[in-house]
Amino acid sequence: MSKLTGQFRNTAWDPTLIISQIIALQSVYYLTLGVWLVALDFIVGTSRSLDHIFKYQEIQVRDVTGKLVIVSYVLNSLTGSVGLWWLVQRTKLCLDFSCTAHFMHLIFCWMYNGYFPNTLSWWLLNLACATIMCICGEFLCMRTELKAIPLNVPPKVDL
């Protein structure tokens with residue numbers, strides 16, 4: 001049971017909502033990453049594989065496939081920020097959810113490979129993508145939050 005004490009939003013802690021938002025955002029993260037990889041694989045003509053998502057050795061700039069994976073991750077961070085805006089809708093929570101999505105990706109990569117990702121390129125790419133996702137998500141959420149507050153409405157006068 002929560003009390004509204006003159007606050008703009010209800011800030012009651014709801015673990016079911018938080019867990020469902022994490023699952024939904026993680027689903028959006030992998031769905032859109034898969035879409036970007038399939039689209040770019042189709043354009044370039046390379047084969048599709050789960051290795052492009054989870055195998056950290058695929059992230060490198062030596063060949064077209066590695067560059068394709070990097071571009072897919074960056075594009076996915078932009079679509080992930082739209083997912084933050086659509087699912088989370090709170091500027092303050094964008095950092096938490098962005099880091100959670102990338103932390104879960106770290107866990108899944110670790111499980112897929114059988115060992116901890118140890119390449120600098122994997123860490124730099126995921127750090128950059130988490131940053132892009134967070135900042136763009138905050139920007140979208142902040143615009144929506146500020147848009148909801150009308151500032152130029154003339155005050156009502158009741159006589």
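Throughout, numbering of the chain's residues begins at 1 and tracks the sequence.
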Worksheet entry | For D51, side chain to side chain donor-acceptor pair (under 3.5 Å) partners two or more places apart |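 With sequence neighbours excluded, D51 shows a side chain to side chain donor-acceptor pair (under 3.5 Å) to Y112, given in chain and number order.
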Worksheet item: With sequence neighbours excluded, what pairs up with T91 under the side chain to side chain donor-acceptor pair (under 3.5 Å) test?
Response: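 Side chain to side chain donor-acceptor pair (under 3.5 Å) list for T91, sorted by chain: E145.
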Worksheet item: Does N113 reach the side chain of K55, with side-chain heavy atoms less than 4.5 Å apart?
Response: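 Answer yes - side chains close enough.
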Discussion item. What I'd like to find out is whether the side chain of V69 reaches to under 4.5 Å of the side chain of Q60, using heavy atoms alone.
Written reply: no
Give me the other members of the hydrophobic cluster that [X] sits in, counting Ile, Leu, Val, Met, Phe, Trp and Tyr linked by side-chain heavy atoms under 4.5 Å, directly or via other members.
{"X": "L95", "result": "none"}
{"X": "I23", "result": "I19"}
{"X": "L120", "result": "L124"}

Worksheet item: Can you list every side-chain hydrogen bond (donor to acceptor under 3.5 Å, both in side chains) pair that touches residues 118-138, not counting sequence neighbours?
Response: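 Listed by first then second residue: Y56-N118.
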Discussion item. Please list all pairs meeting side-chain hydrogen bond (donor to acceptor under 3.5 Å, both in side chains) that have one or both residues in residues 16-26, counting only residues at least two apart or in different chains.
Written reply: none
Worksheet item: Sequence neighbours excluded, which residues qualify as ring pair (Phe, Tyr, Trp, His ring centres under 6.0 Å) partners of F139?
Response: none
Practice prompt. Under the side-chain contact (heavy atoms from CB on, under 4.5 Å) rule, collect the residues that match up with V88, sequence neighbours excluded.
Written response: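 If we apply the side-chain contact (heavy atoms from CB on, under 4.5 Å) test to V88, skipping adjacent residues, the hits are L84, R90, L93, F97.
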Run the side-chain donor-acceptor check on residues 102-109: report pairs under 3.5 Å with partners two or more places apart or on a different chain.
residue : atom : partner : partner atom : Å
H102    : ND1  : S98     : O            : 3.0
H105    : ND1  : Y30     : OH           : 2.8
H105    : NE2  : Y73     : OH           : 3.1

Table please: side-chain donor-acceptor pairs of residues 40-47 below 3.5 Å, with sequence neighbours left out.
residue : atom : partner : partner atom : Å
D41     : OD1  : T46     : OG1          : 2.7

